[in-house]
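Reviewing the structure listed below.
One-based numbering, in listed order, for ligands and for the atoms of each.
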Amino acid sequence: MKASEVIANLQRRFPNEPEYIQAVSQVLGTIEEEYNKHPEFEKANLIERLCIPDRVIEFRVSWVDDKGNVQTNMGYRIQHNNVIGPYKGGLRYHKSVNLSILKFLAFEQTFKNSLTTLPMGGAKGGSDFSPRGKSNNEVMRFCQAFMTELYRHMGPDEDVPAGDIGVGGREVGYLFGMYKKLTHQFQGVLTGKGQEFGGSRIRPEATGYGNVYFLCNMLATKNIDIKGKTVLVSGSGNVAQYTMEKLIELGAKPVTCSDSDGYIYDPEGIDREKLDYIMELKNVERGRIKEYAEKYGVKYVEGAKPWFEKADIALPSATQNEINEEAAKALIANGVIAVSEGANMPSTPEAIKVFQDAKILYAPGKAANAGGVAVSGLEMSQNSERLKWSREEVDAKLHDIMNDIHANCVKYGTEADGYVNYVKGANVAGFLKVAKAMMAQGIV
Ligand SMILES: NC(=O)C1=CN([C@@H]2O[C@H](COP(=O)(O)OP(=O)(O)OC[C@H]3O[C@@H](n4cnc5c(N)ncnc54)[C@H](OP(=O)(O)O)[C@@H]3O)[C@@H](O)[C@H]2O)C=CC1
Ligand SMILES: O=C(O)CCC(=O)C(=O)O
């Protein structure tokens, strides 16, 4: 396999899908050497079958808003690969959603889910519907309309969606209610469900907690303690909130968080009380992060990202391509020692190069944020055995999984000079398991 040829070919076939091509390029560039050690992969044209999704489902979603107007959005589900388990991955509701973004996310999910050690294939879906500014009833009607098509493609052994940007506990609840109404089945077909109806303990916390556990593993390789470190966090949604919660618990100091309008900088640190305020503001009142700056009298920067502030660590937890080359250079110039990605693909290829050239600790999302889907996998297990595990039990398993992922990254990513290339480690480890399963299952 020549990575550049495969990428050029995909670019020709899918010319309007830059994020998908970006994600594929990142992976192929790092697995090429390992792939070429296996001539049987090439003979089976494994790479093309791995890059192109098994199935792309696209549909119209029509719903009625509070004024009685009929609205139309697009709905999608990308079932990327199910060789190691049922399709699994979140749903994103955001105005920017398109095929390219969902295809990149589904591709990444396949490798991420492989890394978790659990039996889950990769998928992603969503809609260009934006919950922002919508009433609860509008969100409910949209979720119900979305499910009237999606339910045909789901099942506990077929495809198990969950949340992502714009889809949290509220949306998963409405989606689950409609699935049950349509099928008459109470099944573990969605994860991130409410605690009262099959949700796993720690699932809401898992992505943020898991990222901090992964970060601690990286810091431990350099004998660095997280306690007392200042941290730049972006986003203020699910991942950012529980990232900050774990940072505070471990004695670190988050000093920023953001939303799509701007960021706040609190030099005293976001403490437990202030985080409770953010959770109420974002999860209940659905307000803007600017209100934090007004309440606590700190700096708010409109239309900007937090990467130019000084800190020890950066945990991007909002969206793709939120750290570009210029921001990465600023982070390095300001002395950042570690970047661990809570979001999916938040760093551009140029930014990643800056981090790796500077030899800082840098973890890609597919390794660092895998805790969320890992606990989703544990939710599936609990649903299958009709049991509910304790908080301590789930957290211990999450810890073990993040340790395993870290160990695999070190195993496959350590370079001759001892630097751990976590991108290569994650990609090779994730790839090998999927590739072996594909080979065993024949050309299908
Ligand atoms: N939820 C999970 O379990 C997992 C999530 N992830 C990834 O983590 C990231 C955050 O997801 P999650 O916290 O669940 O989502 P939420 O919807 O809960 O929060 C997203 C946050 O990011 C901000 N944001 C979204 N889009 C943009 C944008 N284009 N520019 C700037 N800010 C933006 C939002 O601001 P605003 O409110 O203004 O839109 C919000 O603060 C995503 O990349 C997601 O794919 C990865 C693994 C698992
Ligand atoms: O929990 C899940 O199934 C999906 C989580 C997710 O979307 C992700 O890991 O990006």
Side-chain angles (χ1 to χ4, degrees), residues 19 78 85-97 101-102 104-113 115-116 118 120-126 130-133 159-172 188-193 199-200 202-211 233-244 257-264 278-279 281-283 286-290 303-306 315-323 341-347 364-380:
E19 292 87 359
I78 316 297
Y87 297 111
K88 181 85 194 88
L91 297 171
R92 177 175 292 192
Y93 290 172
H94 193 268
K95 62 180 188 302
S96 63
V97 160
I101 288 176
L102 295 181
F104 113 64
L105 288 163
F107 176 79
E108 287 282 289
Q109 197 79 47
T110 300
F111 292 82
K112 184 192 305 190
N113 293 2
L115 285 171
T116 64
L118 301 174
M120 299 181 289
K124 202 84 182 193
S130 170
R132 184 170 167 181
D159 187 347
V160 184
D164 188 74
I165 290 177
V167 178
R170 173 182 64 169
E171 290 75 15
V172 169
V189 287
L190 282 150
T191 59
K193 299 185 290 298
S200 175
I202 306 274
R203 176 60 188 92
E205 295 91 335
T207 309
Y209 281 17
N211 189 21
V233 176
S234 64
S236 50
N238 171 269
V239 178
Q241 290 172 17
Y242 289 104
T243 297
M244 292 192 278
C257 67
S258 67
D259 59 24
S260 50
D261 294 338
Y263 77 89
I264 60 103
I278 293 173
M279 287 177 163
L281 175 70
K282 285 292 172 183
N283 307 343
R286 305 202 182 260
R288 309 307 300 160
I289 204 64
K290 186 182 180 178
K305 301 185 194 322
L315 302 179
S317 309
T319 194
Q320 65 275 357
N321 292 329
E322 55 172 313
I323 303 184
E341 297 183 341
N344 285 306
M345 205 169 76
S347 308
K366 64 169 75 69
N369 72 36
V373 74
V375 174
S376 276
L378 301 178
E379 183 168 324
M380 290 165 72

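- Nearest protein neighbour of atom 9 (O) of ligand 2, counting heavy atoms only, is K112 NZ, 2.7 Å.
- The closest protein non-hydrogen atom to atom 4 (C) of ligand 2 is G90 N, 3.3 Å.
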Practice task
Mind running side chain to side chain contact (heavy atoms under 4.5 Å, CB included) on Y242 and M279 for me, showing each step along the way?
Solution key: CA-CA 10 Å; Y242 289 104; M279 287 177 163; 3.8 Å; yes

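- For ligand 2 and G89, the ligand atoms under 4.0 Å from any heavy atom of the residue are 3 (O), 4 (C).
- Under a 4.0 Å heavy-atom criterion, G163 is in contact with ligand 2.
- Within the structure, ligand 2 has R203 among the residues with a heavy atom less than 4.0 angstrom away.
- The closest approach between any non-hydrogen atom of K124 and ligand 2 is below 4.0 Å.
- The shortest side-chain heavy-atom distance between V160 and E379 does not fall under the 4.5 Å cut-off.
- For P306, the side chain to side chain contact (heavy atoms under 4.5 Å, CB included) criterion is met by S234, T256, Y263, not counting sequence neighbours.
- For the pair L118/L378, a side-chain contact is recorded, criterion being any heavy-atom separation below 4.5 Å from C-beta on.
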Exercise for the section: I would like to know whether S260 and R132 meet side chain to side chain contact (heavy atoms under 4.5 Å, CB included); could you show each step before the answer? Expected result: CA-CA 11 Å; S260 50; R132 184 170 167 181; 3.4 Å; yes

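- Taking the side chain as every heavy atom from C-beta outward, T191 and S200 never approach each other to under 4.5 Å.
- Smallest separation of non-hydrogen atoms from G126 and L102: N-CD1, 3.9 Å.
- Checking K112, Q320, R92, K366 one by one against N344, the side chain to side chain donor-acceptor pair (under 3.5 Å) holds for a single residue, K112.
- Looking at K290 and D261, no side-chain N of the basic residue comes within less than 4.0 Å of a carboxylate O on the acidic one, giving no salt bridge.
- Of the N or O atoms in N369, none lie within a sub-3.5 Å distance of an N or O in ligand 2.
- Within 4.0 Å of ligand 1, heavy atoms belong to protein residues R92, H94, K112, D164, I165, G166, R203, T207, G235, S236, G237, N238, V239, S258, D259, S260, R288, S317, A318, T319, G342, A343, N344, N369.
- Here the heavy atom of the protein found nearest to atom 3 (O) of ligand 2 is K88 NZ, 2.6 Å.
- Smallest separation of non-hydrogen atoms from K88 and P161: NZ-O, 3.6 Å.
- Here the heavy atom of the protein found nearest to atom 1 (O) of ligand 2 is S376 OG, 2.5 Å.
- Contacts between N344 and ligand 2, counted as non-hydrogen atom pairs separated by less than 4.0 Å, involve the side chain only.
- D259 approaches S236 most closely through the heavy-atom pair CB-OG, 3.9 Å.
- Taking only nitrogen or oxygen atoms, main chain and side chain alike, V160 does not reach within less than 3.5 Å of ligand 2.
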